[in-house]
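It should be emphasised that the depicted structure is a prediction, and the values quoted were computed from it without experimental measurement. In what follows, chains carry the letters A, B, and so on, assigned in the order in which the sequence lines appear, proteins first and then strands, with residues in each chain numbered from 1.
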There are 4 protein chains.
Amino acid sequence: MAVSREQILDAAIRHLNASPTASMAQIAEAAGISRATLHRHFSSRDDLVVELGRRALDRWERAQDEAGIAETGAGPADLRATLMALIEGEVGVAEEHGFTLTVETTSEELLARSAELERRELAFIEACQRAGVLRSDLPAVWVSSSIYGLLVALRESLRRGEIAPREATRLMVESFLRGASDKGDLS
Amino acid sequence: MAVSREQILDAAIRHLNASPTASMAQIAEAAGISRATLHRHFSSRDDLVVELGRRALDRWERAQDEAGIAETGAGPADLRATLMALIEGEVGVAEEHGFTLTVETTSEELLARSAELERRELAFIEACQRAGVLRSDLPAVWVSSSIYGLLVALRESLRRGEIAPREATRLMVESFLRGASDKGDLS
Amino acid sequence: MAVSREQILDAAIRHLNASPTASMAQIAEAAGISRATLHRHFSSRDDLVVELGRRALDRWERAQDEAGIAETGAGPADLRATLMALIEGEVGVAEEHGFTLTVETTSEELLARSAELERRELAFIEACQRAGVLRSDLPAVWVSSSIYGLLVALRESLRRGEIAPREATRLMVESFLRGASDKGDLS
Amino acid sequence: MAVSREQILDAAIRHLNASPTASMAQIAEAAGISRATLHRHFSSRDDLVVELGRRALDRWERAQDEAGIAETGAGPADLRATLMALIEGEVGVAEEHGFTLTVETTSEELLARSAELERRELAFIEACQRAGVLRSDLPAVWVSSSIYGLLVALRESLRRGEIAPREATRLMVESFLRGASDKGDLS
DNA sequence: TATGAATGAGTCTTCATTCAT
DNA sequence: AATGAATGAAGACTCATTCAT
């Protein structure tokens with residue numbers, strides 16, 4: 001019963017999330033195949049890592065598309081809904097492809113795609129700011145970055161079992177949108 | 001022109017922040033000394049990493065102490081000021097000792113100290129929640145984690161030069177306390 | 001043309017007998033393989049040395065067993081024959097596994113086995129003394145040690161080509177049993 | 001209170017006897033001086049080892065001279081006394097300079113001197129054989145070698161504390177001259 | 001003279017990768 | 001297609017030795 005390329009990638013990301021410096025031998029073992037076979041599927045380690053990165057970017061892109069962040073001319077209400085959907089989607093990305101968010105790669109292709117997705121995300125955030133959905137006194141680039149940071153925190157908290165998986169999205173949204181300050185504080 | 005232990009550590013952290021898997025040879029070169037000399041100061045790689053971790057924890061502890069998070073019986077106003085001071089201090093830690101926040105170590109000592117500092121931080125956050133300074137509908141452990149995540153984002157944004165260093169603390173505090181949502185959104 | 005584990009061990013002992021501090025690189029070269037391949041067979045230097053020690057102890061144990069030193073209740077004649085067979089067997093061990101006789105190891109297993117074989121040998125020597133086959137005015141432990149010493153001498157003489165291999169056993173037995181003094185000396 | 005060259009050599013041989021692969025650092029520590037100082041006395045490791053070898057050869061030569069093995073024209077009784085004195089002297093050499101007996105050196109000087117002393121010893125043994133003091137049916141070179149082997153055994157037994165130091169010479173002489181066989185065996 | 005500091009060369013070990021079956 | 005065997009390159013660490021004080 002041959003192990004498919006997809007199954008190998010699944011095993012690889014699971015293992016690399018647990019120990020990011022895992023060797024090809026360890027990944028192969030985790031996938032239940034020999035080192036040589038792993039190399040038949042991915043000619044080099046970089047090849048494998050790039051493929052994992054590609055999958056993560058695919059997933060991220062899908063999250064953006066499914067949320068519909070490119071839909072122009074939307075009103076505040078729509079934008080708010082889109083924003084929620086986007087974050088929800090990205091929580092999923094973080095949970096499944098966590099480690100590749102920070103992967104060091106030299107692949108031009110991945111860097112370019114990643115930059116493009118960031119650009120789209122940034123444009124969306126700026127649209128939200130113009131529409132009064134998000135604060136305008138914070139640089140859009142920082143708002144974008146803060147999502148990334150909170151996703152890192154989320155992944156870590158989930159990994160440690162400190163928060164319930166079903167709570168993940170709510171906590172993420174609350175912290176991102178409203179912050180930790182008590183409401184009385186704002187009055 | 002002898003290179004002091006402290007200078008080596010400074011060079012090491014600078015280099016390791018840039019590339020966390022740097023070899024001893026690369027670290028040595030970055031410090032302007034030979035591999036062998038680096039080994040004279042830190043008998044093993046782990047030794048060096050543990051020392052860096054110790055420094056980061058020292059700095060973190062100092063941030064907690066200087067903010068005064070252990071001062072019990074403080075009123076809401078005091079707690080708010082302390083919280084601000086704490087975050088400000090931690091921004092400094094993230095800027096200078098960034099990478100070690102996520103360092104994987106086997107050192108019992110470091111793990112124990114780290115756990116203790118987390119515990120103190122958590123207790124402080126809970127105090128803030130009881131005093132109505134921070135929201136109570138978010139688990140304290142998640143609030144703590146979100147600080148960590150935002151610090152990661154901050155470090156990354158600074159590294160990329162996307163935000164002005166002088167803005168760092170303000171952005172951090174705003175995102176953490178009030179979130180990215182426009183105020184009109186809350187009304 | 002794969003080199004078997006056994007062949008590597010043979011090459012290793014040959015080389016280590018000649019230069020006991022030989023590096024893994026030298027041993028690998030002597031075995032006609034690369035350093036990395038040597039490490040595939042023996043994960044560490046200690047592993048290799050322990051394996052060599054094990055082989056030597058196996059051989060020694062076989063020498064004891066084949067001589068039949070454990071046969072209790074034997075008469076003087078039998079004991080004398082057994083003693084001769086034992087020494088003969090040990091000459092073989094010294095010739096083939098010489099260096100490991102003095103190898104420094106940390107392996108509990110080897111130390112324990114070695115101690116056990118020494119104990120058996122000692123018990124046999126004591127039996128020979130009780131039966132009047134060996135002198136009783138020399139401590140058994142010294143008699144045992146003197147065998148060891150003469151084997152070292154034998155190996156050295158053979159290595160230098162000073163004595164004929166076919167003479168080895170005779171010289172060993174003569175020196176051990178009767179000493180170098182002229183018989184007239186004893187009258 | 002400066003440590004004299006002689007004291008360093010004493011410490012060195014003591015330490016090297018215990019662990020023959022000791023590093024310069026360990027030897028220096030054993031001598032109570034720094035590595036650099038050790039190097040001021042002996043410019044290289046080989047230098048130190050050669051010096052130790054020289055001392056051992058000096059001691060051996062003295063043993064030969066004091067026993068008087070070069071005295072030609074001696075009768076059997078004299079030869080026997082000389083032989084005893086020689087062995088007694090060599091026991092002392094083994095006790096004090098043990099390890100250097102097997103030291104690997106490239107020093108031409110030492111090899112030449114060692115060969116010369118062996119030659120003298122061999123000539124003496126042959127003289128003993130001709131005079132009927134030692135058996136003639138064993139090659140002189142093997143008789144010589146057996147002395148060496150028994151000295152190794154003696155050193156080992158002493159190191160392990162298996163025999164009493166005061167017994168050393170007697171055991172050595174008995175084993176060398178008369179062997180381990182019970183006298184009844186010879187009748 | 002004595003020594004702390006520095007280092008080039010060498011050792012063991014691991015890893016990604018290739019090859020022959 | 002799959003894999004056991006083999007290896008070059010690289011990394012951590014040690015050692016003998018030199019240098020500056």
Starting the side chain at C-beta, find the nucleotide from [options] nearest to [X].
X     : options                : answer
B/R40 : F/dA12, F/dT3, E/dA6   : E/dA6
B/S44 : F/dT18, E/dT14, F/dC13 : F/dC13
D/R45 : E/dC12, F/dA16, E/dA2  : F/dA16
C/I33 : F/dT17, F/dG4, F/dT7   : F/dT7
C/A36 : E/dT7, E/dA6, E/dT14   : E/dT14
B/S23 : E/dG8, F/dA12, E/dT17  : F/dA12
C/M24 : E/dA6, E/dT13, F/dC13  : E/dT13

| message | Let me spell it out: for each of B/T37 and C/R35, pick the nucleotide of DNA chain E with the closest heavy atom. Which residue's pick is nearer the 5' end? | response | B/T37
| task | Would you mind telling me which residue lines up with the more 5' stretch of DNA chain E, B/S34 or A/A25, judged by nearest nucleotide? | result | B/S34
Distance in angstrom units between [X] [atom1] and [N] [atom2], rounded:
X     : N      : atom1 : atom2 : value
B/I8  : E/dA5  : CD1   : P     : 11 Å
C/L38 : E/dC12 : CG    : P     : 9 Å
D/F42 : E/dT1  : CZ    : P     : 14 Å
A/I27 : E/dT14 : CD1   : C1'   : 15 Å
B/E29 : E/dA6  : CD    : C1'   : 17 Å

| Does a nitrogen or oxygen in the side chain of C/H41 sit under 4.0 Å from OP1 or OP2 of F/dA6? | yes
| query | Should A/R113 and A/E116 count as an ion pair when the cut-off is N to O under 4.0 Å? | reply | no
| query | Between D/E96 and D/R59, is the closest basic N to carboxylate O distance under 4.0 Å? | reply |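 Judged by the 4.0 Å cut-off on N to carboxylate O distance, D/R59 and D/E96 do form a salt bridge.
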| Base-pairing mate for F/dA10 - Watson-Crick or G-U, with both contacts under 3.5 Å |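 Paired with F/dA10, as far as the under-3.5 Å criterion goes, is E/dT13.
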| task | Look through every strand shown and name the nucleotide pairing with F/dA1 as Watson-Crick or G-U wobble, where both distances are under 3.5 Å. | result | none
| Heavy-atom check, side chain of B/W60 versus side chain of B/H97, under 4.5 Å | no
